[in-house]
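Quick notes on the structure that follows.
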Amino acid sequence: QVQLVESGGGLVQAGGSLGLSCAPSTLKFRMYAMAWFRQAPGKERECVAGMSWSGGTTYYADSVKGRFTISRDNAKGTVSLRLNSLKPEDTAVYYCAGDATSYTERVPTSTTEYDYWGQGTQVTVSS
């Protein structure tokens with residue numbers, strides 16, 4: 001079994017930036033697509049950014065396009081998310097996720113298509 005561990009959340013003022021990182025507890029399992037989801041209180045978990053194994057395919061939710069940037073280091077099994085120009089509506093718990101079974105260039109956006117999840121890290125943006 002593998003665990004994903006996020007780091008980097010925190011409290012920031014609107015307009016500020018944060019960096020999130022996610023690392024696996026073992027490299028025994030290769031992650032194909034990796035993604036970042038977020039869940040705000042009372043809302044469903046949504047995919048905000050994802051990247052295929054090769055890095056050739058990326059996905060960004062419309063609400064974060066131009067502000068968030070996803071990257072990954074396959075040698076380390078890590079995935080990162082840079083959050084710029086943060087808004088109060090970006091406040092949520094952010095989760096990283098890994099798909100260990102679907103060897104395609106597609107980036108899933110549904111929670112059901114990911115096999116491994118981190119425990120989540122809180123991002124709070126004050127106005």
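These numbers were taken from a predicted model, which means no experiment stands behind them.
Remark: Phe68 CZ to Thr58 OG1 distance equals 14.5 Å, nearest 0.5 Å. Interatomic distance, Thr69 OG1 to Met51 CE, rounded to the nearest 0.5 Å: 9.0 Å. Trp53 contributes atom CH2, which lies 11.0 Å from atom CD of Glu105 (distance to the nearest 0.5 angstrom).
Proximity of Val64 to Glu46: side-chain heavy atoms (C-beta onward) are nowhere separated by under 4.5 Å. Residues Met31 and Leu4 have side chains in contact (heavy-atom distance under 4.5 Å, counting atoms from C-beta outward). Contact check for Tyr60 versus Arg67: no side-chain heavy atoms found under the 4.5 Å cut-off. Using a 4.5 Å heavy-atom threshold, the side chains of Leu83 and Asp90 count as separate.
Take Lys65 and apply the side-chain hydrogen bond (donor to acceptor under 3.5 Å, both in side chains) test, not counting sequence neighbours, and it matches Asp62. With sequence neighbours left out, Ser127 forms a side-chain hydrogen bond (donor to acceptor under 3.5 Å, both in side chains) with no residue at all.
Residue Gln3 qualifies as open at atom CD: its count of foreign heavy atoms under 6.0 Å is 12 or below.
Pro108 and Asp99 get closest at one heavy-atom pair: CG-OD2, 4.0 Å. Listed here is the closest heavy atom pair of Glu6 and Tyr94: OE2-O, 3.8 Å. When every heavy atom of Asn74 is checked against every heavy atom of Arg72, the shortest pair comes out as OD1-NE, 2.8 Å. In terms of heavy-atom proximity, Lys87 sits nearest to Val125 at O-CB, 3.3 Å. In terms of heavy atoms, Thr109 sits closest to Cys47 at O-CB, 3.5 Å. Annotation for Gln39 and Ala92: closest pair O-CB, 3.5 Å, computed over non-hydrogen atoms.
Residues Ile70 and Leu86 are members of one and the same hydrophobic cluster, defined by side-chain heavy-atom contacts under 4.5 angstrom among Ile, Leu, Val, Met, Phe, Trp and Tyr. Taken together through direct or relayed side-chain contacts under 4.5 Å among Ile, Leu, Val, Met, Phe, Trp and Tyr, Met34 and Val2 form part of one hydrophobic cluster. If you chain together hydrophobic residues whose side chains sit under 4.5 Å apart, Trp36 and Trp117 never meet in one group. Note: the hydrophobic cluster containing Tyr116 does not contain Val93 (ILVMFWY, side chain heavy atoms under 4.5 Å, direct or indirect links).
The residue from Thr124, Thr91, Val123, Leu18 that alone fulfils the side-chain contact (heavy atoms from CB on, under 4.5 Å) condition with Leu11 is Thr124.
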* After noting the C-alpha distance and the side-chain angles of Phe37 and Tyr114, does the key distance pass the side chain to side chain contact (heavy atoms under 4.5 Å, CB included) rule? -> CA-CA 11 Å; Phe37 286 72; Tyr114 286 89; 3.7 Å; yes

* Given side chain to side chain donor-acceptor pair (under 3.5 Å), test Ser102 with Thr104 step by step and report yes or no. => CA-CA 6 Å; Ser102 302; Thr104 71; 5.9 Å; no

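Applying the disulfide (SG to SG under 2.5 Å) test to residues at least two apart or on different chains, the pairs with a partner in residues 55-107 are Cys22-Cys96.
Ring centers of Tyr103 and Tyr32: under 6.0 Å apart, within the cut-off.
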